[in-house]
Amino acid sequence: MSDKPDSTENQMWGGRFSQGPAAIMEAINSSIDIDKRLWREDITGSRAHATMLAEVSIISGEDRDAILSGLDQVAKELEGGTFKFSQALEDIHMNIEARLKEIVGEPAGRLHTARSRNDQVATDFRLWCRNACDEAAAGLKALMQALAERAEENAATVMPGFTHLQTAQPVTLGHHLLAYVEMFSRDAGRFIDARNRMNECPLGSAALAGTPFPIDRNSTANALGFDNPCANSLDGVSSRDFALELLSAAAIAATHLSRLAEELVLWTSPQFGFASLSDAFSTGSSIMPQKRNPDAAELVRAKTGRITGSLNLLLTVMKALPLAYAKDLQEDKAATFESVDALALAVAAMTGMIGDFTPHPENMKAAAARGFSTATDLADWLVRELGLPFRDAHHVTGRIVAAAEAKSVRLDELSLDEMQAVETRIHSGIFDVLSVDASVASRKAYGGTAPENVKTQAQRWISALKQEN
Ligand code: ARG
């Protein structure tokens with residue numbers, strides 16, 4: 001790279017400068033390749049600002065009209081892909097303003113009255129993040145809908161429930177899927193909360209100290225759909241906790257997605273054999289013809305690294321940054337865009353896989369019955385029917401499990417005699433609770449895995465989600 005300037009003086013702030021920047025300066029300073037994505041928000045913000053400036057007679061009606069129609073043309077060029085971006089003009093704000101000047105001439109220079117790029121970028125970025133929150137919440141709701149539908153279908157499909165990834169107690173697949181609906185619903189809620197908190201307008205904070213011009217900040221805030229203007233100009237230009245909240249919500253949602261993705265990877269392995277993904281969501285191996293790889297699930301799992309990394313990136317950029325604006329803040333956008341894109345892709349891929357996967361109920365049920373998964377049911381029966389203290393029941397059950405293990409049989413395959421050898425008062429009623437179906441059916445207390453509960457919960461979610469749409 002040459003250290004010769006590859007551009008002449010900057011037309012936006014060149015007055016004090018006699019030379020253009022070194023090439024390396026331009027390379028580190030320019031953000032246009034990233035922030036061009038804010039063009040719609042930038043034009044929307046400028047329209048609101050120009051309209052307000054004319055309302056309070058800071059600019060004339062003719063200048064406002066020239067600016068607004070010029071912005072229309074700039075928007076057309078950007079939409080149509082004919083806009084010529086310039087690295088020398090650093091960012092989207094100066095690119096758009098320079099083009100506006102070419103189109104409308106002098107009035108373009110009046111647009112930046114009572115405004116700075118500092119409040120401009122803070123406003124644009126809030127608008128973008130606000131929309132990203134809405135879209136993330138909508139994507140999560142579509143995923144919840146898909147999960148709730150599969151849960152309803154599988155309200156009575158028995159599978160092993162795990163703790164420590166060891167078979168613990170039987171549950172139903174529907175119950176398992178609805179656990180994720182609960183998680184994703186809180187994730188969607190976090191995006192909505194973040195959106196509500198970020199909905200204050202920085203525009204009019206100007207560079208940092210506010211402006212001496214008699215602007216109407218309520219007018220621009222209203223026009224842009226904000227609840228109110230930010231009350232402190234220093235806060236307005238320098239805060240990015242709105243983006244941090246978006247990134248935190250994304251990181252938590254991605255963490256939840258990674259857990260479900262991991263389960264799909266496990267379930268579709270031949271060792272588990274609980275489910276399979278169709279060709280549409282599997283890839284083959286170029287060397288091992290027998291393989292069906294759950295690449296989409298693995299990539300959803302891995303996107304978490306990118307998304308959590310973005311949160312960490314922006315936290316680190318913000319740490320110890322003195323008020324008010326510093327160019328460090330320009331690094332906020334790449335991280336945020338990357339995280340929001342990765343999350344949208346991961347949520348869409350997961351929604352696809354949830355609709356796609358075929359459960360294998362026989363394998364799940366067989367696995368649920370292994371590992372003495374109804375041992376707790378046996379102990380509970382001893383408490384209920386024989387009045388044993390739970391600790392004693394636990395001990396008796398342990399001995400019965402040992403007897404079954406020694407014979408390599410399931411608990412319900414032991415004879416009554418064999419059980420009575422451990423505890424004489426056990427009677428044939430015990431066989432009512434030892435099957436996996438009986439076990440899940442018994443868990444009727446609110447929040448439990450009984451198929452009727454699962455059906456009710458799945459239907460509750462399906463109709464709640466339909467109503468929201
Ligand atoms: N591109 C800049 C950013 O994203 C815009 C604000 C520039 N302000 C300044 N004082 N240099 O932060």
Side-chain angles (χ1 to χ4, degrees), residues 7 9-17 19-22 24-46 48-49 74 78 83 85-101 109 111-132 198 201-211 220 224 230 233-244 246-247 310 313-340:
S7 59
E9 71 181 30
N10 187 297
Q11 53 178 301
M12 296 296 152
W13 39 255
R16 192 177 181 282
F17 288 69
Q19 279 189 338
I24 194 68
M25 174 62 204
E26 188 173 294
I28 193 169
N29 204 33
S30 163
S31 59
I32 186 63
D33 291 340
I34 307 279
D35 61 29
K36 58 167 69 151
R37 245 179 113 161
L38 293 177
W39 74 259
R40 281 191 184 78
E41 289 77 12
D42 198 65
I43 287 184
T44 306
S46 288
H49 187 65
V74 178
L78 282 156
F83 188 94
F85 293 101
S86 149
Q87 296 291 335
L89 287 168
E90 274 188 50
D91 58 23
I92 189 62
H93 324 292
M94 297 210 290
N95 268 267
I96 288 179
E97 195 184 318
R99 180 69 188 124
L100 183 68
K101 183 147 187 243
L111 172 60
H112 215 52
T113 317
R115 183 177 83 168
S116 147
R117 270 190 298 154
N118 297 351
D119 58 336
Q120 191 178 354
V121 72
T123 304
D124 293 0
F125 195 35
R126 275 196 201 227
L127 288 171
W128 193 91
C129 288
R130 189 176 76 182
N131 187 54
M198 75 175 67
C201 187
L203 194 60
S205 300
L208 74 163
T211 176
T220 41
L224 297 171
C230 298
S233 60
L234 295 167
D235 177 48
V237 296
S238 67
S239 293
R240 293 294 182 272
D241 52 283
F242 64 89
L244 288 172
L246 166 61
L247 292 176
S310 297
L313 186 157
L314 189 56
L315 283 168
T316 310
V317 166
M318 297 309 295
K319 179 188 175 292
L321 197 66
L323 300 186
Y325 181 86
K327 201 61 175 269
D328 307 50
L329 292 172
Q330 181 164 283
E331 292 291 323
D332 57 359
K333 285 172 272 319
T336 306
F337 294 161
E338 174 159 44
S339 167
V340 168

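Atoms within a ligand are numbered from 1 in the order they appear, just like the ligands themselves.
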### Query
Distance only, no hydrogens: is a donor on one side chain within 3.5 Å (strictly under) of an acceptor on the other, for K327 and N29?
yes
### Message
Looking only at protein heavy atoms, which one is nearest to atom 11 (N) of ligand 1, and what is the separation?
### Response
R117 NH2, 3.5 Å
### Task
Rounded to the nearest 0.5 Å, what's the gap from CG on D91 to OG on S86? Could you check?
10.0 Å
### Query
Can you list the ligand 1 atoms lying under 4.0 Å from a non-hydrogen atom of D91?
1 (N), 2 (C), 5 (C)
### Query
Which of the numbered atoms in ligand 1 are below 4.0 angstrom from a heavy atom of S31?
1 (N)
#### Entry: Those atoms of ligand 1 less than 4.0 Å from some heavy atom in K333
3 (C), 4 (O)
### Message
So for ligand 1, is Q330 a polar contact partner (N or O within less than 3.5 Å, distance only)?
### Response
yes
#### Entry: Distance-only donor-acceptor check, side chains D33 and Q87, under 3.5 Å
yes
### Query
Within 45° of the six-membered ring axis of F83 and under 6.0 Å from that ring's centre, is NZ or CZ of R99 located there?
no
### Query
Near Y325, which atoms of ligand 1 are under 4.0 Å from a heavy atom of that residue?
2 (C), 3 (C), 5 (C), 6 (C), 7 (C), 8 (N), 9 (C), 10 (N), 12 (O)
### Summary
Distance col, row N95:CG vs S30:OG, nearest 0.5 angstrom, shows 8.0 Å
#### Entry: Note: E97-R117 ion pair, threshold 4.0 Å (strictly below)
no
### Message
Give me the residue, atom name and distance of the protein heavy atom closest to atom 8 (N) of ligand 1.
### Response
N118 OD1, 2.9 Å
